[in-house]
Number of protein chains: 2
Amino acid sequence: MAAAARVLHQQGVERTTIADIAHAAGVPVGNVYYYFKTKDALVQAALAEHSGHLAELTGELDKLPSPLERLKALVGLWVGQRDVAARYGCPTGTLAVELDKRAEGGMDLEAGRVIRLLLDWVERQFRELGLSDPDNLALTLVGAYQGMSLLANALRDPEIMTREGSRLIRWLDSLPDDGTGHRNS
Amino acid sequence: MAAAARVLHQQGVERTTIADIAHAAGVPVGNVYYYFKTKDALVQAALAEHSGHLAELTGELDKLPSPLERLKALVGLWVGQRDVAARYGCPTGTLAVELDKRAEGGMDLEAGRVIRLLLDWVERQFRELGLSDPDNLALTLVGAYQGMSLLANALRDPEIMTREGSRLIRWLDSLPDDGTGHRNS
DNA sequence: GTCTATAATGCGATAGAC
DNA sequence: GTCTATCGCATTATAGAC
């Protein structure tokens, strides 16, 4: 599953063959089909990997004391992945684009579910900050991440992540917050 | 070329066969190969279509008197395309994601060139407004567009375009501007 | 459960009649 | 320049020995 997630991210769903994944995992082709009946099942396994990785990540961030620190740390993690993003794009975002075109078995919405998990977590942070319209703020932050990842990838320029990341940090710092964790703007 | 651009956007590059494009254009398969030697040549033709469409669009916007009006009209056009974006994503953005994975003939950077055209035009508007860091502002605006298109597509929710569009309009209006068209912030 | 060999299919590309 | 028929190949998926 880890090999599937990695190779599918780098090569894309359509250009990746089962043989590619089998090779990356160090097993023969037929063996893969023993555990995953179809290629789509492998794609779903990759999605589960991304979902698990996200849960792990937010779990770590939740240890930070304030919601603002958590959001800023999240942006820091994004920028830290700038070279991967510039080369292959956001794993979940590019997968969402590919699955939308794939249009079989109604799997085109499953990547959206992983993105929804991130949106919900971010929205929770904004809500804890006492800000109004936390759902719109989450949309803005996650949208900015997907946008800067796509641009960095399309232009092959990791510095885009750095520049936009800095702006997002300043934006987060500029949001109204009295330090109590309860605030309406 | 128009049929290629349309079908490639809707079905994706890898899932679209030459037969699909030939059918959409109302010509037999072999005929397509008389004008386009390979499938990649068709993809490049589609990119040229997008590039031409963009030039046409900015040409219209350039008729508006002020840069701020032009940018706000651009956002309005994006929101006006919300149903298409929610169903198939931004034509150029999704193509950039797909071509990055395709990785053949060095065509993976050509979608980036079209996006660069948009970035440059937007940057020019910000520069005319006299704002500092017009390149970063362009990155923010175009990045927001790509991000909201991807989210709208992944979640199949055109309203995301409306909500983020409204925010972008407010953001543009909040930028420092004295009405002379020359200003540093 | 592991692995090899192969069947079945779909697609890019071409040949060649008209 | 238009169109039909087909080749060659890559890939998903399976059969079946071990």
Side-chain angles (χ1 to χ4, degrees), chain A residues 1-50 88 91 94-111, chain B residues 1-50 88 91 94-111:
Chain A
M1 286 174 65
R6 187 175 61 252
V7 177
L8 286 174
H9 176 214
Q10 292 175 356
Q11 306 190 351
V13 176
E14 305 294 341
R15 302 291 279 197
T16 297
T17 68
I18 311 290
D20 288 336
I21 295 174
H23 179 76
V27 297
V29 193
N31 208 335
V32 173
Y33 276 101
Y34 181 77
Y35 292 97
F36 304 93
K37 304 197 197 314
T38 68
K39 183 175 180 178
D40 281 345
L42 265 173
V43 173
Q44 271 179 323
L47 266 172
E49 280 283 305
H50 291 309
Y88 303 113
T94 58
L95 201 49
V97 171
E98 292 191 271
L99 293 188
D100 168 59
K101 312 296 185 189
R102 210 143 203 266
E104 267 168 34
M107 209 174 51
D108 46 338
L109 302 173
E110 305 228 355
Chain B
M1 286 173 65
R6 187 175 60 252
V7 178
L8 286 175
H9 176 214
Q10 293 175 355
Q11 305 190 353
V13 176
E14 307 294 341
R15 302 291 279 199
T16 298
T17 69
I18 311 289
D20 287 337
I21 295 174
H23 179 76
V27 298
V29 193
N31 209 333
V32 173
Y33 276 102
Y34 181 78
Y35 292 97
F36 304 94
K37 303 199 197 313
T38 67
K39 183 175 180 177
D40 281 344
L42 265 174
V43 174
Q44 272 179 323
L47 267 172
E49 280 282 307
H50 291 308
Y88 303 113
T94 57
L95 201 49
V97 171
E98 292 190 271
L99 292 187
D100 169 59
K101 312 295 185 191
R102 210 146 203 265
E104 266 168 33
M107 211 173 51
D108 46 338
L109 302 172
E110 305 228 354

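Chain A is the first sequence line, chain B the second, and so forth, proteins listed ahead of strands; every chain is numbered from 1. Everything quoted here is computed from the prediction, not taken from an experiment.
Following rounding to the nearest Å, Tyr34(B) (OH) and dA13(C) (P) show an atom-to-atom distance of 18 Å. Atom NE2 of His23(B) and atom C1' of dG12(C) are 19 Å apart (whole Å). What separates NZ of Lys37(B) from P of dG1(D) is a distance of 11 Å, to the nearest Å. Between the P atom of dA13(C) and the CD1 atom of Ile21(B) lies a distance of 11 Å, rounded to the nearest Å. Protein atom CD of Glu14(B) is 13 Å distant from nucleotide atom C1' of dT11(D), rounded to whole Å. In this structure, CG of Asn31(B) is placed 17 Å from P of dG12(C), rounded to the nearest angstrom. When rounded to the nearest whole Å, the span between CZ of Arg15(B) and P of dG10(C) equals 12 Å.
Residue-to-nucleotide proximity on DNA chain D shows that, of Ala19(A) and Pro28(B), the 5′-proximal contact is made by Pro28(B).
Salt bridge annotation for Arg102(A)-Glu14(A): present, with a cationic side-chain nitrogen under 4.0 angstrom from a carboxylate oxygen.
Atom OG1 of residue Thr16(B) and atom CD of residue Gln10(B) lie 9.0 Å apart, to the nearest 0.5 angstrom. A distance of 7.5 Å separates NZ in Lys39(B) from CG in Leu8(B), rounded to the nearest 0.5 Å. Taking CG of Leu95(A) as the reference point, atom CG of Leu47(A) lies at 4.5 Å (rounded to 0.5 Å).
Minimum atom distance to the side chain of Ile18(A) is reached by dT12(D), of the listed dA13(C), dC3(D), dT12(D). Among dG12(C), dC3(C), dC3(D), the nucleotide with an atom closest to any side-chain atom of Lys39(B) is dG12(C).
Between Leu42(B) and Ile21(B), the shortest heavy-atom distance links the atoms CD1-CD1, 3.8 Å.
Axis deviation across the helix from dG1(C)-dC18(D) to dC18(C)-dG1(D) amounts to 10°, comparing end segments of five pairs, rounded to 10 degrees.
Residue contacts for Tyr35(B): at a heavy-atom cut-off of 4.0 Å it reaches the sugar-phosphate backbone alone, with no base atom in range.
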Next on the checklist: Go through it in stages, so that I can follow the logic: the residues are Phe36(B) and Met1(B), the test is side chain to side chain contact (heavy atoms under 4.5 Å, CB included), and I'd like the CA-CA distance, side-chain angles, deciding distance and then a yes or no.
Outcome noted: CA-CA 10 Å; Phe36(B) 304 94; Met1(B) 286 173 65; 3.8 Å; yes
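Panel note: side chain Glu49(A), backbone Ala5(A); no donor-acceptor pair is recorded below 3.5 Å.
Side-chain nitrogen and oxygen atoms of Tyr33(A) include none within less than 4.0 Å of the OP1 or OP2 phosphate oxygen of dT14(D).
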